[in-house]
Amino acid sequence: MEPVLEFWHWVIFGIALIISEAFLGTFFVFWFGASAIVVGIVLYLVPEMSLAIQVLLWGALSTVAAFGWFKFFKPLSLDRTMAGLSLESLLGETGQVLTPPSGEKRGMLRFPAPVLGSDEWLFMSQDGVVSGDRVNVVEVSGNTLIVKKV
């Protein structure tokens with residue numbers, strides 16, 4: 001005798017997997033749960049579907065959904081700000097001078113994209129720089145960047 005799964009078994013299984021994703025935080029198990037819900041909907045529409053076909057459909061949908069997530073959608077959500085990295089990751093970055101340093105006052109520069117969570121940074125330079133000059137980060141001193149004119 002073959003076990004019988006009703007459509008609501010798949011829906012509850014899918015909901016349980018999606019809820020478990022809240023505790024895992026990987027956004028991987030979510031696709032298995034979504035696929036189980038889809039199998040439940042298909043089973044509701046085609047109630048004579050065998051258990052083997054149900055499991056194969058769930059496996060295929062899960063594989064396609066997980067592959068699609070990692071291949072196409074996850075790369076769009078990557079954090080490219082380098083937040084959480086050490087200040088040394090700023091070395092070699094190029095920015096534009098907003099306000100040049102004057103006397104003991106540090107200047108302000110802006111990077112084209114946020115670096116370590118901020119796009120504007122204080123800097124010091126031995127070179128004479130003016131607003132609009134492009135500079136490279138050569139050293140970090142505390143929270144101040146040491147730059148050279150490009």
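Predicted model only: the values in this text are computed from it and were never measured.
V130 and V135 fall into different hydrophobic clusters, where Ile, Leu, Val, Met, Phe, Trp and Tyr side chains are chained together by heavy-atom contacts under 4.5 Å. Under a hydrophobic clustering in which Ile, Leu, Val, Met, Phe, Trp and Tyr are joined whenever their side-chain heavy atoms come within less than 4.5 Å, directly or via other members, M108 and V138 fall into different clusters. In this structure, W69 is not a member of the same hydrophobic cluster as V64, with clusters built from ILVMFWY side-chain heavy atoms closer than 4.5 Å. There is a path of hydrophobic side-chain contacts, each under 4.5 Å, that joins F23 to W31. Following chains of ILVMFWY side-chain contacts shorter than 4.5 Å, one can reach V38 starting from W10, so the two form part of one hydrophobic cluster.
Taking CZ of F123 as the start and CG of L109 as the end, the distance is 5.5 Å to the nearest 0.5 Å. The line from CZ of R134 to OG1 of T94 is 5.5 Å long, rounded to the nearest 0.5 Å. Put simply, OG on S35 and CZ on F30 are 9.5 Å apart, with the number rounded to the nearest 0.5 Å. The CG atom of D119 sits 12.0 Å away from the CD atom of Q96 when rounded to the nearest 0.5 Å. Taking CG from L45 and CZ from F7, the interatomic distance works out to 10.0 Å, rounded to the nearest 0.5 Å. Going from atom OG of S125 over to atom CZ of R106 covers 13.0 Å, rounded to the nearest 0.5 Å.
Annotation: salt bridge (Lys or Arg N to Asp or Glu O under 4.0 Å) contacts of K105 (sequence neighbours excluded): none.
In this structure, F72 and F67 have perpendicular ring planes: the angle between them is above 60°, well past the 30° mark. The aromatic rings of F111 and W121 sit perpendicular to each other, their planes meeting at more than 60°, with 30° as the lower class boundary.
For the pair V140/L91, a side-chain contact is recorded, criterion being any heavy-atom separation below 4.5 Å from C-beta on.
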### Query
Under the side-chain contact (heavy atoms from CB on, under 4.5 Å) criterion, do L5 and L51 qualify, and how do the steps go?
CA-CA 7 Å; L5 288 179; L51 179 62; 3.4 Å; yes
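Residue A36 comes nearest to W58 through the heavy atom pair N-CD1, 3.4 Å, listed as atom of the first residue, atom of the second, then distance. Looking at every heavy atom in both residues, V29 comes nearest to S20 through CG1-OG, 3.6 Å. Of all heavy-atom pairs spanning P101 and V129, the tightest one is CD-CG2, 3.8 Å. A pairwise comparison of heavy atoms in G14 and I37 identifies CA-CG1, 3.9 Å as the closest pair. In plain terms, the two heavy atoms of L43 and E6 that are nearest each other are CD2-C, 3.6 Å. Taking all atoms of both residues into account, the shortest heavy-atom contact from Q54 to M49 is NE2-O, 3.0 Å.
Panel note: side chain S131, backbone L98; a donor-acceptor pair is recorded below 3.5 Å. In this structure, Q126 contributes its side chain and K148 its backbone to no donor-acceptor pair below 3.5 Å. Side-chain atoms of E139 never come within 3.5 Å of backbone atoms of I146 as a donor-acceptor pair (strictly under, hydrogens ignored).
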